[in-house]
Amino acid sequence: MTTISIGFIQFAPKLNNLASTIQTLEQLFQDYVDPTIDLLVLPELGNSGYNFPSPEVAWVSSETVTKSLFIDYLVGQAEKYNLHIVSGFNERSGDKLYNSAVLVGPTGYIGRYRKLHLFLNEKDFFEPGNLGLPIFDIGQAQIGMLVCFDWVFPEAWRVLALKGVDIICHPSNLVLPGLCQSTVPSHALMNHVYVITANRIGTEENLTFTGLSTIAGPTGQVLYQATQTNVEVGLVDVDLSEARDKAITARNDLFADRRVDVYGDLVS
Ligand code: ACM
């Protein structure tokens with residue numbers, strides 16, 4: 001057994017108000033986080049909020065990964081509690097914005113993923129991701145990241161699983177009621193990985209976010225599901241050896257039994 005403690009913080013980042021978001025997080029870390037936790041996931045666009053009224057607001061609420069109050073704050077918490085944190089991040093790079101997820105640990109910023117599949121109006125603000133599907137070694141586990149609407153593309157989950165991740169961290173701002181949250185356990189099952197979907201709550205103008213942040217395990221089990229509306233920190237101890245075993249039956253293996261000879265259309 002290789003047991004680690006994983007979880008999410010479900011809350012409402014404040015649109016274009018990073019100081020307020022950090023104040024909220026500060027209280028949540030104080031109240032709920034301790035050094036027994038190894039990995040925490042926060043929602044999509046944690047530093048900025050989601051429903052930008054204009055490209056200007058998207059721009060002024062973005063940060064670069066090298067100069068970010070939000071990343072500095074998260075690194076401080078990671079150092080204080082000796083854990084790793086993944087969060088959605090409105091990333092500025094040159095004159096472009098990306099809907100990214102960042103990974104930080106006790107020694108600082110580690111890396112990022114840029115959302116590949118942009119949802120609805122996100123296409124007005126962000127460039128599609130251009131960094132592929134990186135994986136990261138956090139010591140006890142290999143992790144990968146997807147962001148929200150990526151959930152509906154099974155290829156992305158499979159690529160991360162084939163690269164050897166134990167856990168897929170999935171910062172989200174879900175608005176379609178319950179669809180993703182009921183599908184994520186199937187992605188976990190079909191790839192024998194753990195999934196942490198950290199969704200947000202609250203409303204921004206015409207969008208209501210659907211909560212129900214979910215931690216799912218390699219046999220498709222829902223290990224934790226938050227409420228639809230409450231601020232919540234969900235924590236579960238998981239055995240990583242379950243994610244490393246790809247056997248489905250005594251004579252079936254998720255990876256070895258794949259018929260790659262007939263899957264060519266997937267990449268055409
Ligand atoms: C979404 O991708 N934020 C729905």
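Whatever order the structure lists them in is the order used to number ligands and atoms, beginning at 1. Just so it is clear, the model here is predicted, and its values are computed rather than measured.
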Asker: Pick one: which of Phe153, Trp151, Phe149 meets ring-ring contact (aromatic ring centres under 6.0 Å, His included) with His117?
Answerer: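 Between His117 and the candidates, ring-ring contact (aromatic ring centres under 6.0 Å, His included) is satisfied uniquely by Phe153.
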Asker: Centres of the Tyr224 and Phe8 rings: under 6.0 Å?
Answerer: yes
Asker: For Tyr50, does its backbone N or O pair with a side-chain atom of Asn173 as donor and acceptor, under 3.5 Å?
Answerer: no
Asker: Within the supplied structure, the quantity of interest is the number of heavy atoms (other residues, nucleotides, ligands) at a distance under 6.0 Å from Lys14 NZ; does it exceed 12?
Answerer: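 Open.
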Asker: Is any side-chain heavy atom of Ile168 closer than 4.5 Å to one of Leu146?
Answerer: yes
Asker: Any protein N/O atoms within less than 3.5 Å of an N/O atom in ligand 1? List the atom names and distances, or say none.
Answerer:
unit_1   : atom_1 : unit_2 : atom_2 : d
ligand 1 : 2 (O)  : Lys115 : NZ     : 2.7
ligand 1 : 2 (O)  : Glu122 : OE2    : 3.4
ligand 1 : 2 (O)  : Phe149 : N      : 3.0
ligand 1 : 3 (N)  : Glu44  : OE1    : 2.9
ligand 1 : 3 (N)  : Tyr50  : OH     : 3.4
ligand 1 : 3 (N)  : Glu122 : OE2    : 3.3
ligand 1 : 3 (N)  : Asn173 : O      : 3.3

Asker: What are the two closest non-hydrogen atoms of Asp237 and Ser5, and how far apart are they?
Answerer: OD1-CB, 3.3 Å
